[in-house]
K.L.:
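Okay, handing you the structure first.
Just the heavy atoms: all of them, side chains too, but no hydrogens, waters or symmetry mates, feed the values below.
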Amino acid sequence: VRMEVKKCERPGCGKTYTDTENVQGACMYHPEPAVFHEGYKGWACCPKRVIDFDDFMKIEGCTPGLHSEHKERAAIHDPNEARRKEATTVTLDNKGNEIHKPKSASSTYAPAPPRVIVPEEPKKDIPEEVDPVDAVISVGTQCKHRGCNSKYVNAASRTEPCVYHPGAPFFHETLKQWSCCGAKNVDWDRFIEMQGCKTGVHRFTEPVSNEVQCRYDFYQMAADVIVTIYAKKAGSDSTIKIEPKLVTVNLTLPEGKRFTKEIALQHSVDPSKSKYEFMGTKVEIQLRKASSDAWTKLEA
């Protein structure tokens, strides 16, 4: 009798197994919540921290146990939660409901800067990368597109529809958002399970990297923050998208190279009054501050 092959849903594992193979120690997983703080990502149960989302998803489990085919609703550890609780008092109204109020005007948190509302720009279609025609793909290989969990079965898998997120995830405190469509959620599992916003074909092989690293820095003035990216001869099809808390950079460079970067900003900016300029040896982005706060660093 052929045993049913199952997939472990525990965070940090994701291996396939049968019931006879499911013995103590076969699964290495993360028993504690995910932690997102100041751009770093990791798990509360182990010390490793990374910046890139894909690297976070590859952090191997740290605790041995049994495989499980059931998804566990993972909590998100918020490092600021204790401070928020300390800054509020809890009272009851006449119906017995809890009311949370700041302890004083000099609360731990200053009032948030005015929200900047900017009309949405038409979303540009992100080019789709496909597998090379002569690629050799093993049965069971998972699609590399974010938001897709399909696996390679046979040659027909290469032409099946794939619904995925072509953009990158963006994290700010407990909020998680996809840059390609704006879909957001505070719950980690629901965020990961969000249906993609683009339909194409699967990508089972790792793309050949044409990414390069470009140096960048910033300085500030009374009303503006100036970001300089040292990239020579950026192409006319390069794009820079400025949002209140995020700058998305996609530069096409000579010899087919590309520099991409999502900069999660320390403070909010006003996109309608911000601008950028492509120069011969660099790209300069002028961000208009949304408040008078001093920027001690560029990124959150």
K.L.:
Same cluster for Y29 and Y17 if Ile/Leu/Val/Met/Phe/Trp/Tyr side chains link at under 4.5 Å?
P.N.:
no
K.L.:
Do the non-hydrogen side-chain atoms of E262 and L246 ever get within less than 4.5 Å of each other?
P.N.:
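SC-SC contact between E262 and L246 confirmed.
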K.L.:
Side-chain donor-acceptor pair under 3.5 Å between N250 and T239, yes or no?
P.N.:
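Judged by distance alone, the side chains do not pair up.
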K.L.:
Using only atom types and a distance under 3.5 Å, with no angle test, would you say the side chain of H145 pairs donor to acceptor with the backbone of G196?
P.N.:
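Pair absent, no side-chain N/O of H145 close to backbone of G196.
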K.L.:
From M57 CE over to R146 CZ, what is the distance, rounded to the nearest 0.5 angstrom?
P.N.:
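M57 atom CE to R146 atom CZ measures 10.0 Å (nearest 0.5 Å).
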K.L.:
Any sub-3.5 Å donor-acceptor pair from R10's side-chain atoms to L66's backbone N or O?
P.N.:
yes
K.L.:
Examine F278 together with Y276 and report whether their ring centres are nearer than 6.0 Å.
P.N.:
yes
K.L.:
Evaluate the side-chain proximity of L298 to L265: yes if any heavy-atom separation is below 4.5 Å, no if none is.
P.N.:
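Side chain of L265 against side chain of L298, heavy atoms only: contact under 4.5 Å found.
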K.L.:
If you draw a 6.0 Å radius around CD in E284, do more than 12 non-hydrogen atoms from other residues or ligands fall strictly inside?
P.N.:
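Counting neighbours around CD of E284, more than 12 heavy atoms of other residues, nucleotides or ligands fall under 6.0 Å, so yes.
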K.L.:
So does K297 get a backbone contact from the side chain of Q266, meaning a donor-acceptor N/O pair under 3.5 Å?
P.N.:
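The answer is yes, because a donor-acceptor pair under 3.5 Å joins these two groups.
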K.L.:
How many angstroms lie between atom NZ of K232 and atom SG of C214, to the nearest 0.5 angstrom?
P.N.:
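That separation rounds to 11.0 Å.
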K.L.:
With the side chain counted from C-beta on, respond yes when T248 and I240 share a heavy-atom pair under 4.5 Å apart, and no when they do not.
P.N.:
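With C-beta onward as the side chain, the pair stays apart.
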K.L.:
Does a side-chain heavy-atom distance below 4.5 Å link V227 with V247?
P.N.:
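They are not in side-chain contact.
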K.L.:
From the options K6, K7, K15, select the one residue that forms a salt bridge (Lys or Arg N to Asp or Glu O under 4.0 Å) with E69.
P.N.:
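Of the listed options, the one satisfying the test is K6.
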K.L.:
Ignoring hydrogens and angles, tell me if any N or O in the side chain of E299 forms a donor-acceptor pair with the backbone of I263 under 3.5 Å.
P.N.:
no
K.L.:
Can a donor-acceptor pair be found, under 3.5 Å and without considering hydrogens, that links the side chain of D55 to the backbone of V50?
P.N.:
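Not confirmed, D55 side chain does not pair with V50 backbone.
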K.L.:
Answer whether the closest heavy-atom distance between the side chains of M28 and C62 falls below 4.5 Å.
P.N.:
no
K.L.:
Return yes if some donor-acceptor pair links the side-chain N/O of S238 with the main-chain N/O of A234 below 3.5 Å, else return no.
P.N.:
no
K.L.:
Looking just at side-chain N and O atoms, do T260 and E211 make a donor-acceptor pair shorter than 3.5 Å?
P.N.:
yes
K.L.:
Could you tell me whether a side-chain N or O of E193 sits under 3.5 Å from a main-chain N or O of R190, the two making a donor and an acceptor?
P.N.:
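Here the side-chain-to-backbone pair does not exist.
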K.L.:
Please work out whether the ring planes of W43 and F56 are parallel, tilted or perpendicular, with thresholds of 30° and 60°.
P.N.:
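Plane angle under 30°, so parallel.
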K.L.:
Quick one: sort the F204 and H202 rings into parallel, tilted or perpendicular, breaks at 30° and 60°.
P.N.:
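Judged by the thresholds at 30° and 60°, the geometry between F204 and H202 is tilted.
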K.L.:
May I ask whether Y216 and V212 are part of the same hydrophobic cluster, defined by side-chain heavy atoms of I, L, V, M, F, W, Y residues being less than 4.5 angstrom apart, directly or through others?
P.N.:
yes
K.L.:
Measure the spacing between CG of D293 and CD of Q220 and express it to the nearest 0.5 Å.
P.N.:
10.0 Å
K.L.:
List, by chain and then residue number, the residues other than Y219 in its hydrophobic cluster (Ile/Leu/Val/Met/Phe/Trp/Tyr, side-chain heavy atoms under 4.5 Å); write none if there are no others.
P.N.:
M221, I226
K.L.:
Just how far is it from atom CD1 of I59 to atom SG of C45, taken to the nearest 0.5 Å?
P.N.:
9.5 Å
K.L.:
Taking T228 for its side chain and D217 for its backbone only, find out whether a donor-acceptor pair lies under 3.5 Å.
P.N.:
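Checked: no pair found.
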K.L.:
If we only count heavy atoms from C-beta on, is the N185 to M194 side-chain gap below 4.5 Å?
P.N.:
yes
K.L.:
Between T18 and E4, is any pair of side-chain heavy atoms under 4.5 Å apart?
P.N.:
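They are not in side-chain contact.
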K.L.:
With a cut-off of 6.0 Å (strictly less than), are more than 12 heavy atoms of other residues, nucleotides or ligands near CD of Q213?
P.N.:
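Count not over threshold, so no.
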K.L.:
Hey, are the side chains of C27 and S68 touching, using non-hydrogen atoms and a 4.5 Å cut-off?
P.N.:
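They are not in side-chain contact.
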K.L.:
Distance-only, no hydrogens or angles: does the H30 side chain make a donor-acceptor pair with backbone N or O of C46 under 3.5 Å?
P.N.:
no
K.L.:
Do we see a donor-acceptor contact under 3.5 Å between the side chains of Q286 and K273?
P.N.:
no
K.L.:
Are Y164 and I137 linked, directly or through intermediate hydrophobic residues, by side-chain heavy-atom contacts shorter than 4.5 Å (ILVMFWY only)?
P.N.:
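Shared cluster, no.
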K.L.:
Using a 6.0 Å distance limit plus a 45 degree cone around the ring axis, check whether R215 lies over the aromatic ring of Y230.
P.N.:
yes
K.L.:
Would you say the side-chain atoms of S157 pair up with the backbone N or O of V153, donor to acceptor, closer than 3.5 Å?
P.N.:
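Judged by distance alone, yes, a pair lies under 3.5 Å.
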K.L.:
Are V201 and Y152 connected in the hydrophobic side-chain network, where two residues link if heavy atoms are under 4.5 Å apart?
P.N.:
no
